[in-house]
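Please read the structure below before turning to the comments.
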Amino acid sequence: MKVTKLVSTCDLKDCPTIYTTDRGTLLVQGETPADHGLDIPPHETVVEIPEQLIFDLIRKGLRGV
């Protein structure tokens, strides 16, 4: 899988980040909250990212890599 960074909150590797893939999908890097109270299947997870990251992605444009 080829992964390309679209937008991040910083230039380090441990910050919330959104990536695009050559599969036509998005990958989201963020914190894994334990207190969400959702019933998530074992093969899935939930990550938490700042709202501003989505606003920055929209402003930049999804394909504006």
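All values derive from a computational prediction rather than experimental measurement.
Among V3, L6, L27, L57, the single residue meeting the side chain to side chain contact (heavy atoms under 4.5 Å, CB included) criterion with T20 is L6.
Remark: K2 NZ to T21 OG1 distance equals 10.5 Å, nearest 0.5 Å. Rounding to the nearest 0.5 angstrom, the gap separating the CD1 atom in I54 from the CZ atom in R59 is 12.0 Å. Interatomic distance, Q29 CD to I49 CD1, rounded to the nearest 0.5 Å: 10.5 Å. The OG atom of S8 sits 9.5 Å away from the CD1 atom of I18 when rounded to the nearest 0.5 Å.
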Side chain to side chain contact (heavy atoms under 4.5 Å, CB included) evaluation trace for T17 with T9: CA-CA 7 Å; T17 305; T9 59; 5.9 Å; no

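Both V47 and V7 are part of a single hydrophobic cluster, where members link through side-chain heavy atoms under 4.5 Å apart. Linking Ile, Leu, Val, Met, Phe, Trp and Tyr residues whenever their side-chain heavy atoms come within less than 4.5 Å leaves V28 and M1 in two separate clusters.
Screening residues 6-57 for disulfide (SG to SG under 2.5 Å) gives C10-C15 as the qualifying pairs, with residues at least two apart or on separate chains.
In this structure, the side chain to side chain contact (heavy atoms under 4.5 Å, CB included) partners of I40, at least two apart in sequence or on a different chain, are H36, L38, E44, V46.
Few gaps surround CD on Q52; more than 12 heavy atoms of other groups in view lie less than 6.0 Å from it. By the 6.0 Å contact criterion, CG on D11 is open, its count of non-hydrogen atoms from other residues, nucleotides or ligands being 12 or less.
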